[in-house]
Amino acid sequence: MTDPHGPRTTPAPEDDLPEQMRVRREKRERLLGSGRAAYPAAVPRTHTLAEVRATYDPQGLEPDTRTGDVVSVVGRVIHTRNTGKLCFVRLREGDGTELQAMLSLADLGEEALDEYKHLVDIGDYISVTGEVITSRRGELSVQATAWEMAAKALRPLPTEHKPLSPEARVRQRYLDMIVNPESRRMVRTKAAVLKSLRRTLDERGYVEVETPILQLTNGGAAARPFRTHLNAFDQPMLLRIALELDLKKAMIGGVDKVYEIGRTFRNEGLDSTHAAEFSMLEAYEAFGDLETMKELVRALVVDAARAVGRTVVTGRNGEEIDLEQPWRSASLLDLVSEAVGTPVSMETPLDELVKLADAREVELQPQWNAGEVLLELYEQLVEDTLVQPTFVEDYPEAVRPLAKPHRSKAGLVEAFDLIINGVELAPAYTELNDPVIQRDRLVEQSLLAAKGDPEAMELDEAFLRAMEHGMPPAGGMGLGVDRLVMLLTGAGIRETILFPLLRPE
RNA sequence: GGGCCUCUAGCUCAAUGGCAGAGCAGCGGACUUUUAAUCCGCGGGUUGUGGGUUCGACCCCCACGGGGCCCA
């Protein structure tokens, strides 16, 4: 920008501001100039809006009632109406509770009313003091005798009658939370789910622990990690992809029932079901097994559903899912047999499985063994058809390297995966605790890693050393907290995460 | 990774290749009972960015960037 009238090359920032921001900055100046504060340390507040509503709503006050009770309340200005000598303002507080305030010439005086009209905008936080009354139309209100600015908003609030664009909803979640009840509710629903998960575990005697997020080696899952660096040791570090190995160490140390709820990180694609960081619950119970975990997973899910009041949800195919009904258990081999129309087992030769896959256009990697092909058939043909809660069990040993061999079925391990609404919600194992077999499995994995498989696990000597001191037989499970919230709310993952990662603007 | 759609005022959206508009919000005024109040008047734009075609581009073409949906 050039100024033909003088040498000034940097225009005052105000010159570039949109009109509404300029006006609000001027109002802020006027507040300060008039001796009022724009951002005071404290403002009068004797009651929350919710407390006022809780006190008077149940009384069913008649229109034009005067209660004689004087309160000071604070809220964000959501609507204003000015009929001249009387102004109405609707205040809203964090959870969405609203209360009307009325500012009249008679009760407030000319100067304070004028200042209100000229200095308060939609979006500001204000404090109003006055008697609790009802208006002629019966609206519960505070009849103001005084008002104060609690925090001046310098940017206008978006229209709340039209939904924000999908981008604005996630980039400026705080705005969506102000104008959109769904967005407010999601925050509290997720909190209720987390609280319920902890309560369910705590009541059963599980001990909550915290384990490192920064790790030397990755394990416990197959995923690409985030890489970082620890300056103090000049040491490359990874962000954890799972909680498993440290929780098993805790169990070796005698925490027989242990759990952690925390963030794990996977440096992979982002879409409507995958986020780069997500909350995971893992729980382990010494002397438990797959059946213990089935019971625990069911309790966790059903308790959480009850906690948010949604025990019946609508499935992706329109089917109703009543989470309180009994849940089905099904063997992976049976499910695949049904899907391909011919019985398959661990004895079915690899080339026959490959033919079955080709016939159904299931794409395979050439180096896959029979177990991996079976898993792929299941994932491609069966998984997303399982709408009602189903424990899919009896996995081939090759695809679950940390599960214990099945007590009675050769070639299979004791593992299940809970599927609800076509989505993998909670895997569980009877945990492998033979350190020799464990080492063999991890060495196999580390050889894959050395050959360049970025998802393969690394050899974690510290973990193997701990295992060699003896881990009790145990059941273990993991549960995707965000996925549980998605199931209970029907929302996408970007809705369940408060501030999802986005590309920089 | 591929395909389709989208980006215009603070917000949500219009606008045959020919003056860039509406609702809400904002500013000034009227109104002491509003419920997205009403009425009168007024401002507000680098049409995502960069190129190109054209007498003329929000519109057509190319590239890039952001976002969404579907597919793998």
Side-chain angles (χ1 to χ4, degrees), chain A residues 1-2 11 14-28 30 61-66 76-92 98-110 112-114 116-124 130-131 133-144 152-181 183 268-274 316 360-365 376 379-380 384 492-495 500-505:
Chain A
M1 186 186 286
T2 58
E14 295 77 42
D15 291 356
D16 283 343
L17 286 177
E19 182 196 21
Q20 301 200 41
M21 287 184 61
R22 212 175 54 237
V23 165
R24 283 159 184 258
R25 272 164 206 270
E26 287 164 8
K27 289 177 178 175
R28 173 185 169 277
R30 280 156 62 194
L61 297 178
E62 295 295 310
D64 244 342
T65 303
R66 302 186 67 92
R76 194 186 286 277
V77 174
I78 296 301
H79 283 300
T80 62
R81 295 174 207 91
N82 172 5
T83 68
K85 299 185 178 59
L86 176 64
C87 296
F88 299 89
V89 55
R90 195 192 306 167
L91 301 179
R92 178 182 292 162
E98 295 178 357
L99 186 66
Q100 174 168 278
M102 296 162 60
L103 299 94
S104 72
L105 182 64
D107 293 79
L108 200 57
E110 187 165 356
L113 183 62
D114 261 11
Y116 166 80
K117 286 186 194 174
H118 290 104
L119 298 177
V120 174
D121 286 299
I122 290 174
D124 296 350
E131 184 182 353
I133 63 159
T134 55
S135 71
R136 260 177 227 169
R137 296 290 182 87
E139 179 85 26
L140 188 66
S141 308
V142 174
Q143 177 74 58
K152 180 73 193 164
L154 296 184
R155 291 174 183 270
L157 211 54
T159 319
E160 71 168 352
H161 312 295
K162 299 279 185 181
L164 282 175
S165 64
E167 185 171 0
R169 272 212 292 265
V170 290
R171 275 197 202 279
Q172 292 170 275
R173 180 78 79 193
Y174 48 91
L175 288 182
D176 200 40
M177 288 161 65
I178 295 168
V179 300
N180 178 4
S183 191
E268 297 169 348
L270 304 178
D271 61 33
S272 55
T273 55
H274 296 85
R316 57 207 294 164
R360 280 149 193 88
E361 294 179 343
V362 173
E363 282 189 41
L364 304 174
Q365 301 288 322
E376 187 70 11
E379 285 181 352
Q380 295 299 319
D384 62 5
I493 196 162
R494 273 183 220 76
E495 268 61 59
L501 185 72
L502 290 172
R503 283 181 198 276
E505 277 181 282

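This structure is a prediction, so every number in the text was calculated from the model and none was measured. Chain A is the first sequence line, chain B the second, and so forth, proteins listed ahead of strands; every chain is numbered from 1.
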Distance (rounded to the nearest 0.5 Å) between A/R173 CZ and A/N180 CG: 9.5 Å
Spatial distance of atom CZ (A/R171) from atom CG (A/D176) [nearest 0.5 Å]: 14.5 Å
Partners passing side-chain contact (heavy atoms from CB on, under 4.5 Å) against A/L364 (at least two apart in sequence or in another chain): A/V354, A/A357, A/V362, A/W368, A/V373, A/E376
Qualifying residues under side-chain contact (heavy atoms from CB on, under 4.5 Å), relative to A/P156, sequence neighbours excluded: A/Q20, A/M21, A/R24
Residues in ring pair (Phe, Tyr, Trp, His ring centres under 6.0 Å) contact with A/H161, at least two apart in sequence or another chain: A/H79
Contact list (N/O, under 3.5 angstrom) for nucleotides 63-66 of chain B vs protein:
unit_1: B/G66; atom_1: O3'; unit_2: A/R171; atom_2: NH2; d: 3.2
unit_1: B/G66; atom_1: O2'; unit_2: A/E167; atom_2: OE2; d: 2.7
unit_1: B/G66; atom_1: O2'; unit_2: A/R171; atom_2: NH2; d: 3.3

For nucleotides [N] and [M], find the distance between their [atom1] atoms and express it as a whole number of Å.
N: B/G18; M: B/C60; atom1: C1'; value: 15 Å
N: B/G56; M: B/G10; atom1: P; value: 29 Å
N: B/G23; M: B/C40; atom1: P; value: 11 Å
N: B/G65; M: B/U46; atom1: P; value: 24 Å
N: B/U54; M: B/G41; atom1: P; value: 45 Å
N: B/A20; M: B/C58; atom1: P; value: 9 Å
N: B/C70; M: B/G51; atom1: C1'; value: 31 Å
N: B/A25; M: B/U12; atom1: C1'; value: 11 Å

Roughly how many Å is it from [atom1] in [X] to [atom2] in [N], rounded to a whole number?
X: A/I178; N: B/A36; atom1: CD1; atom2: C1'; value: 18 Å
X: A/N82; N: B/G29; atom1: CG; atom2: C1'; value: 11 Å
X: A/L86; N: B/A30; atom1: CG; atom2: C1'; value: 15 Å
X: A/E268; N: B/G1; atom1: CD; atom2: P; value: 14 Å
X: A/R136; N: B/U32; atom1: CZ; atom2: P; value: 11 Å
X: A/L17; N: B/U46; atom1: CG; atom2: P; value: 13 Å
X: A/M21; N: B/G44; atom1: CE; atom2: P; value: 18 Å
X: A/I78; N: B/C11; atom1: CD1; atom2: C1'; value: 14 Å

Contact under 4.0 Å: A/S165 side-chain N or O vs B/U12 OP1/OP2: yes
Other residues, nucleotides, ligands: >12 heavy atoms within 6.0 Å of A/E62 CD: no
Within 6.0 angstrom of A/K117 NZ, more than 12 heavy atoms from elsewhere: yes
Candidates B/G10, B/U35, B/U32 - which lies nearest the side chain of A/L105: B/U32
Heavy-atom pair of closest approach, residues [X] and [Y]:
X: A/D121; Y: A/V77; result: O-CB, 3.7 Å
X: A/D107; Y: A/A144; result: CB-O, 3.4 Å
X: A/L113; Y: A/C87; result: CD1-SG, 4.0 Å
X: A/L86; Y: A/S104; result: CD1-CB, 3.6 Å
X: A/T134; Y: A/T65; result: OG1-N, 2.8 Å

Heavy-atom side-chain proximity of A/M177 to A/S183 below 4.5 angstrom: yes
Sugar-phosphate only, base, or nothing, as touched by A/P163 at under 4.0 Å among non-hydrogen atoms: sugar-phosphate
Protein-to-nucleotide contact annotation, 5' to 3' order, nucleotides 20-26 of chain B [B base; S sugar-phosphate only; - none; under 4.0 Å, heavy atom]: ---BBBS
Pairwise 5' ranking along RNA chain B for A/R90 and A/A106, keeping only the more 5' one: A/A106
Strand RNA chain B in bracket notation, Watson-Crick/G-U under 3.5 Å with | for pairs to another chain: (((((((..((((....[..)))).(((((.......))))).....(((((..]....)))))))))))).
